[in-house]
2 protein chains.
Amino acid sequence: MNVSIQLKVKSFIRDPNDTDLGRKIIENSILLIDQLGFEAFTFKKLASIIDSTEASVYRYFENKHKLLIYLISWYWSWLEYRLNVEFLKVHKPEQKLDFFLKVITTPGNVDSEFKFVNGVALHRIVVSESPKAFLTKDVDADNKDGYFRSYKVLVHMISNVVLEVNSAYPYPTALVTTIIESAYNQQYFIDHFKTLSETRKKGDLEKFLSGILYGALNVKPS
Amino acid sequence: MNVSIQLKVKSFIRDPNDTDLGRKIIENSILLIDQLGFEAFTFKKLASIIDSTEASVYRYFENKHKLLIYLISWYWSWLEYRLNVEFLKVHKPEQKLDFFLKVITTPGNVDSEFKFVNGVALHRIVVSESPKAFLTKDVDADNKDGYFRSYKVLVHMISNVVLEVNSAYPYPTALVTTIIESAYNQQYFIDHFKTLSETRKKGDLEKFLSGILYGALNVKPS
DNA sequence: GGTTAAATAGTAGTATTACTATCATATTTT
DNA sequence: AAAATATGATAGTAATACTACTATTTAACC
């Protein structure tokens with residue numbers, strides 16, 4: 001398989017896909033952000049790992065926030081890609097939604113090694129860091145520049161499936177964003193606040209989210 | 001009224017409630033974080049506003065993250081206080097949950113001026129910054145130190161009300177955290193991502209969350 | 001095949017941030 | 001009046017988040 005995820009919106013200065021250094025930046029920034037957390041992550045530390053320099057990294061990304069936006073966007077596009085592949089195989093909207101729930105609650109798959117991207121580490125970054133991509137004072141400017149398009153495309157895609165299940169439901173995108181944000185948030189709570197989530201056992205989180213989704217839509221789960 | 005919110009867990013070095021400078025730090029840090037966002041907020045900027053020095057602020061809080069934890073904790077304790085007052089007046093659990101939904105979706109109340117705390121600004125901080133209080137590499141150490149107790153107390157209090165409505169529901173705290181996080185997240189989306197939430201009109205967000213809550217519990221809303 | 005232009009890598013420097021340490025002074029407590 | 005405490009003033013440091021400039025490699029053209 002040699003499909004590549006091409007992001008339509010450029011939060012980069014120079015496309016990291018095009019060069020060796022660019023790919024090393026992506027590959028190792030995922031590992032390093034996962035290790036250190038976004039706050040302690042710096043371009044200098046990254047550069048020393050990939051035997052390059054701070055200035056070289058800056059030629060690809062204006063700052064580490066733009067890099068985070070790139071990584072998170074890549075994740076949502078990758079998710080959308082996997083859903084699209086699956087959606088060709090199944091037809092009932094309920095089956096599609098179940099697969100969607102499965103994908104967002106699973107830390108990583110066998111097929112998650114996508115070229116130079118460590119999907120498991122990237123999933124953890126989404127769990128721990130993704131709200132930081134939009135919880136900034138630059139959010140409106142970033143939004144205007146289209147930096148959250150991957151997420152929006154994904155949300156609208158699932159919203160349409162939600163409407164196939166219940167076309168009268170008035171809040172489809174609010175429901176989908178709630179499900180997505182809750183999925184990742186609960187994964188964080190399971191790891192760090194034992195008393196704040198009962199979805200500890202395998203499959204529980206999926207069941208919990210399924211109950212919310214079909215409960216809100218007022219239909220029985222498939 | 002002269003009730004004061006006393007936080008049981010000290011994320012401070014010296015209690016800001018005790019002194020004039022301490023209260024000025026709280027009052028103005030709320031206004032300044034609201035204005036600048038947490039990233040651009042610094043103790044130096046704060047000190048210059050309150051005609052003090054960086055070193056003096058550092059005598060109250062070890063760093064700005066501990067200050068954020070203090071402010072957010074104060075907010076949850078304030079919320080818990082208001083809910084407790086109301087819960088004495090009503091008796092049906094559904095009424096309690098409805099009041100809970102109302103409080104978390106309302107940006108500020110008439111009674112929200114609580115001494116030197118601007119409740120409206122603090123509400124905005126919770127919307128925009130609260131996940132940053134726990135999405136750090138220090139989360140486990142901070143949790144061990146009890147820094148998230150106010151939030152946990154609130155969640156467990158509401159979870160118990162949820163169980164009054166449906167004692168067989170298996171995920172009460174997961175449901176309550178999902179409702180809370182979604183409430184604040186949707187408020188952010190309404191302001192910044194118009195296409196990602198349909199809950200634009202007054203009361204819509206409450207209705208949306210009510211649908212999720214009672215839908216998951218599989219009972220009709222009151 | 002050699003000259004020139006463009007792309008990329010590497011070096012060095014700056015302003016700001018996030019602190020820490022020290023000392024002086026004002027205020028409060030005993 | 002002495003002692004303890006709170007605040008202020010000043011200075012200094014290591015790290016961060018960049019920017020500007022120089023060196024080298026690669027590509028493009030005649």
Side-chain angles (χ1 to χ4, degrees), chain A residues 10-29 32-33 35-71 116 129 132-133 135-138 141-142 147, chain B residues 10-29 32-33 35-71 116 129 132-133 135-138 141-142 147:
Chain A
K10 312 178 221 166
S11 68
F12 50 76
I13 297 167
R14 174 171 308 161
D15 193 334
N17 263 301
D18 289 351
T19 65
D20 222 53
L21 179 61
R23 288 181 288 267
K24 268 160 86 180
I25 288 173
I26 299 306
E27 181 179 359
N28 290 281
S29 66
L32 198 56
I33 292 174
Q35 262 178 54
L36 304 178
F38 186 64
E39 282 72 31
F41 168 85
T42 69
F43 279 0
K44 197 173 189 176
K45 291 173 187 168
L46 172 64
S48 100
I49 283 176
I50 60 180
D51 270 311
S52 180
T53 62
E54 231 183 326
S56 296
V57 179
Y58 272 103
R59 283 197 194 87
Y60 286 84
F61 292 96
E62 205 182 314
N63 52 50
K64 68 176 182 175
H65 186 247
K66 292 277 168 73
L67 170 59
L68 180 64
I69 285 173
Y70 180 89
L71 297 177
F116 45 92
E129 318 289 357
K132 298 171 192 169
L135 292 179
T136 73
K137 281 286 167 186
D138 295 329
D142 287 351
Y147 293 161
Chain B
K10 311 178 222 166
S11 68
F12 49 76
I13 297 166
R14 175 172 305 161
D15 193 334
N17 263 300
D18 288 351
T19 65
D20 222 53
L21 180 63
R23 288 182 288 267
K24 268 162 85 180
I25 287 172
I26 299 306
E27 181 178 359
N28 290 281
S29 65
L32 198 57
I33 291 173
Q35 261 177 56
L36 304 179
F38 186 63
E39 281 73 32
F41 168 86
T42 69
F43 279 1
K44 198 173 187 178
K45 291 173 188 169
L46 173 64
S48 100
I49 283 176
I50 61 179
D51 269 310
S52 180
T53 61
E54 229 183 327
S56 296
V57 179
Y58 272 102
R59 288 198 188 91
Y60 284 83
F61 292 96
E62 206 183 313
N63 52 50
K64 68 176 183 174
H65 186 246
K66 293 276 169 74
L67 170 59
L68 180 65
I69 285 173
Y70 180 88
L71 297 177
F116 46 92
E129 319 287 357
K132 297 171 193 170
L135 292 178
T136 73
K137 282 283 166 185
D138 296 329
D142 287 351
Y147 292 162

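- Under the rule for a side-chain contact (heavy atoms from CB on, under 4.5 Å), the partners of Ala55(B) that lie at least two apart in sequence or sit in another chain are Thr53(B).
- Within residues 49-58 of chain A, the residues that have a heavy atom under 4.0 Å from DNA chain C are, in order of number, Ser52(A), Thr53(A), Ala55(A), Ser56(A).
- Here Phe61(A) pairs with Tyr70(A) under the ring-ring contact (aromatic ring centres under 6.0 Å, His included) rule; sequence neighbours left out.
- One finds a side-chain N or O of Arg14(B) lying less than 4.0 angstrom from the OP1 or OP2 phosphate oxygen of dA6(D).
- Judged by the 6.0 Å distance and 45° axis criteria, Lys64(B) is not positioned over the aromatic ring of Phe41(B).
- Nearest to the side chain of Arg59(A), among dG8(D), dC21(D), dA17(D), sits dC21(D).
- Within 4.0 Å (heavy atoms only), Phe61(B) reaches no atom of the nucleic acid at all.
- Nearest heavy atoms, Lys24(B) versus Ile50(B): NZ-O, 3.6 Å.
- Taking the side-chain contact (heavy atoms from CB on, under 4.5 Å) definition, one finds that Lys44(B) meets it with Thr42(B), Glu54(B), sequence neighbours left out.
- The minimum heavy-atom distance linking Ser29(A) with Leu46(A) is given by the pair N-CD1, 3.6 Å.
- Atom-to-atom, NZ of Lys44(A) to P of dA14(D) comes out at 12 Å; the value is rounded to the nearest Å.
- Nearest approach of Asn17(B) to Arg23(B), heavy atoms of both residues: O-NH1, 2.6 Å.
- Contact between Lys45(A) and Leu36(A) at its shortest, heavy atoms only, is CD-CD1, 3.8 Å.
- At most 12 non-hydrogen atoms from other residues, nucleotides or ligands lie less than 6.0 angstrom from NZ of Lys10(B).
- Per the geometry, CG belonging to Asp18(A) stands 13 Å off P belonging to dA27(D), to the nearest Å.
- Regarding Phe41(A), its CZ atom lies at a distance of 15 Å from the C1' atom of dA15(D), rounded to whole Å.
- Residues from residues 62-70 of chain B lying near DNA chain C, meaning a heavy-atom separation below 4.0 Å, are Glu62(B), Asn63(B), Lys64(B) in numerical order.
- When all heavy atoms of Leu135(B) and Lys132(A) are compared, the closest pair comes out as O-NZ, 2.7 Å.
- Looking only at distances, a side-chain donor or acceptor of Ser11(B) sits under 3.5 Å from a matching main-chain atom of Lys66(B).
- Mapping heavy-atom proximity under 4.0 Å, the span of DNA chain C touched by chain A runs 5' to 3' from dT8(C) to dT11(C).
- Atoms CG (Leu21(A)) and C1' (dT24(D)) sit 15 Å apart, rounded to a whole Å.
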